[in-house]
Trainee: 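Encoded as C-alpha cells, here's the structure I'll be asking about.
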Number of protein chains: 2
Amino acid sequence: MKLGILGGGQLGRMLLQAGANYTAETYVLENDPRCPAADFCHHLVVGDIRDRDTVYRFGKMVEALTIEIESVNVDALDDLEKEGLAIYPKPAVIRLIQNKIRQKEFYQTHGIPSPAFVVTQQRSDLAQYHGFLPAVHKLGEGGYDGKGVVVLNQIADLEKAFDQPAVLEKKCAIAQEISLIVGVGQNGEVVVYPPAEMIVNPDLNLLDYQLSPARLAEKTLWVAEAIALKLVRAFQSPGLFAVEMFVDKAGEVWVNETAPRVHNSGHHSIEGNYSSQYDQLWRIMLGYPLGNTAPLLPAAIVNLIGEEGHSGEAVYEGLEQVLKMDKAFVHLYGKKQTKPGPKNGPCHHLVK
Amino acid sequence: MKLGILGGGQLGRMLLQAGANYTAETYVLENDPRCPAADFCHHLVVGDIRDRDTVYRFGKMVEALTIEIESVNVDALDDLEKEGLAIYPKPAVIRLIQNKIRQKEFYQTHGIPSPAFVVTQQRSDLAQYHGFLPAVHKLGEGGYDGKGVVVLNQIADLEKAFDQPAVLEKKCAIAQEISLIVGVGQNGEVVVYPPAEMIVNPDLNLLDYQLSPARLAEKTLWVAEAIALKLVRAFQSPGLFAVEMFVDKAGEVWVNETAPRVHNSGHHSIEGNYSSQYDQLWRIMLGYPLGNTAPLLPAAIVNLIGEEGHSGEAVYEGLEQVLKMDKAFVHLYGKKQTKPGPKNGPCHHLVK
C-alpha cells in the first residue's frame, strides 16, 4: 500500500521506523529536506503541508494518508476524501481540532466533561468576564506546544490576553495531567492504552517527564477511559488519538485537548507495550487486527529539550551516562539543529 | 558518523531500523536497488559487494563500515583498514570465516572445541577417510544457508561429496543446536546474550523455529558462554558475533560455525532484550557504552519461509491470524519476490 504522511518530524520518523516491520511504500510531505523523517521513507516530497494544491497533489500519489502534525491544509483533505482517499483521521476531525474554539464546542455538544469556557473575539471582550478569573486564555488557531496559551489569574493580567478569537477557559485545580491514547480501527473497533501521567515544567509550560501507567485510583481510571471512549466514538473516525485530560483535586476528570495522531506522550509504548502507538496506527491503516495495548513493564519518559541559550548544531551532553543505564532506551530525533525549548533534542525512556 | 553497510538484505534493514534511534548517516552497498534495506538508509549505492574496486570506492565514502553478509570482497577491506577505516569486524575475521577450512583450522589453533575434521581438496581424497564416516562434508568457500553442506553417512554417499576444497567433519550426536550472540566493544569490553536454541527442519536443513533462552543445564550454559568468550577474544576484533554450537548427547559443547555480524538467531532480541543485537552493534560502532543483554521475557521465533512451488510476488497467507496473537511481533522483510526455501518471506516472534 502507498501511504502518505503529512509532516516529517520526529513522530513521522518513529512511525516510519515501526513501519519497517510491514511492507507499505511510504511518502512524506515536508518543507525541510533534512527533516527527521527524510531518510526513513521511500519517497520524500518537499512541499508545504499548509498549501492546498501541494497537499492535494501529494494525496493523489498515495492510497491512504495520515498526519503527524495538525497544521495541515484540511480543504485539500476534504477534496481528497470526497474522491475516495482513506485519511486517518477523517479531515472533519482535524478541522475541529485545529481550532480550539471548535474543539471546546464539540466537547460541549457531545457531553464530554471539559472545563467551563467562553469564546472571546478580541481582547476587549474579556472586560465582561472578570468574574471568570482565574482562567486560561487559548488562541483559537495557531497555538502549539505551550505557545498560544496565557494564564490570566487577575484583572491586571488581562493585557496579556489575545486580541484574536480565543477560548477563555476556567482554570481548574489540577491534581494530575494524564494522556490516554486510543486506537480506532476501520471497522470501529477501539483499543485503549493505559494512561500516562505528565509532569509539566511550569517555566517552559512543557512536559518535563512522564510516568506510565499514571498513578490513578481505579475509579478515576475507569472514568478517564469512559470519557476517552465516548470522545473518540463521537469523532466517528478511524485513527489514533491522544486524549489529554486533567484530574482535579476532587478527583473529577476533564478533557483538556485531543491530538488526532501519534503523540509524544506515547513514546514509551515502543518498548513498554506489546503494540506501540506507531505499530497500532500501521495496523489501523493497513486494515490489520488491532494490536495489544497491554504494558510489558511500567515506563518513564524524559524529554531532552534544547538548552536555554544554545542554538546551532545539536550536541548531546551526558548521552554516555544515559546509555550506561541498564533499562534506558534512547531515541534521538536526528535533528541537525537545536534551539532552546521544545523537542529540538532527543528523548529517552526508562522502562523499569 | 557516516556508516556503511555491505549488503542490503533483511539484516541490513533491521540494523537500519534500530539505527533510527541514533544519528548516524547511513550508506548501503547492494546490487539490487529494490533490496529490503533500500528505503531505510540515507544513501543507497548500487554495486557488487564482491567487487574489489566497488567495495573500495564505497569504503572511501564512509567513516566506519560493517557487513550484513560475509560474502564481501575482503581484499578491498584490507586496503581500507590499512588506510585507517574502522571496520566491524576486522577484515581478517571475515576472511577466516569466509572459508570453512580456515575457520576450522582457527578453532583448532586456538583450542576451541569443534568437531574433529580433515581437509579434502577433491572428491577422490575421501577414499582414504572411510573410517571417518558418518561425517558432514562442507564446501570451503561459497556455502550458505544449508547449501554447500552434505551429510555422508556411508560409503555409498561419497559420490555426493564436493570435488573442491572442503572440510570433512565428524558427525556428532547432536542433542541441541544453540546460538550465542556476543558483542565486543572498541575497547575490548564483551557482552553475551542468553543463548537461543534452534530447532532445525531436517528436510530443508534450515531453522524451523527457535527458543530463547535455550533449555540448557546451568553447567552447559557456563561452558557454552566460556567457549564463546574464548573464541571472540581470539578474533581480537570489535563487532557482533553469533557463535553457533552443538550440544551433544553427552552434554559436551562444540562450536559449529560463527557469523561475524548480526544474525537471524537474534531477531527476538528486538523486543525480547533491553538492547537488541542491532542496537548493540550500533553502540559498538558509535563508541557508546555497550547495551544490556538481559531478556525482558522469554521468546520464540518462527521464520516464515517461501512456500514450495511458489515463486513470484510475495503473498502473506495467515498474517491476520498471527497479528491477532496477543504477544506476537511480526517483522516482514519487504522482499518483493518470493522463492521456495530460505528467508524469502517474513519472520515473526512470540514473546510469552
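In what follows, chains are A, B, ... by sequence order, proteins preceding strands, each numbered from 1.
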Trainee: So do B:T26 and A:D39 actually touch side chain to side chain, heavy atoms under 4.5 Å?
Mentor: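 SC-SC contact between A:D39 and B:T26 ruled out.
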Trainee: Please classify the contact between B:L16 and chain A as side chain, backbone, both or neither, with a heavy-atom cut-off of under 4.5 Å.
Mentor: backbone
Trainee: Could you state the interatomic distance from OG (A:S275) to NZ (B:K327), rounded to the nearest 0.5 Å?
Mentor: 14.0 Å
Trainee: Chain A: which of B:P289, B:A38, B:P36 shares the most heavy-atom pairs with it under 4.5 Å?
Mentor: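 The residue among B:P289, B:A38, B:P36 with the greatest pair count is B:P289.
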Trainee: Looking at every heavy atom in both B:D326 and A:N292, which two are closest together, and how far apart are they?
Mentor: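 Here B:D326 and A:N292 meet closest at O-ND2, 2.7 Å.
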Trainee: Does A:R13 reach the main-chain N or O of B:N21 with its side chain, forming a donor-acceptor pair under 3.5 Å?
Mentor: no
Trainee: Does the plane of the ring in B:F40 sit parallel, tilted or perpendicular to the ring in A:H42? Use 30° and 60° as the thresholds.
Mentor: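 Taking A:H42 first and then B:F40, their aromatic rings stand perpendicular (interplane angle over 60°).
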Trainee: Checking heavy atoms, do the side chain of A:A18, its backbone, both or neither come under 4.5 Å from chain B?
Mentor: backbone
Trainee: Could you tell me the separation between the CZ atom of B:F329 and the CG atom of A:D279, rounded to the nearest 0.5 Å?
Mentor: 8.5 Å
Trainee: Within the structure provided, determine whether A:L319 and B:Y288 are in side-chain contact (heavy-atom separation under 4.5 Å).
Mentor: yes
Trainee: When you compare the side chain of A:Y22 with that of B:L323, does any pair of heavy atoms fall below 4.5 Å?
Mentor: yes
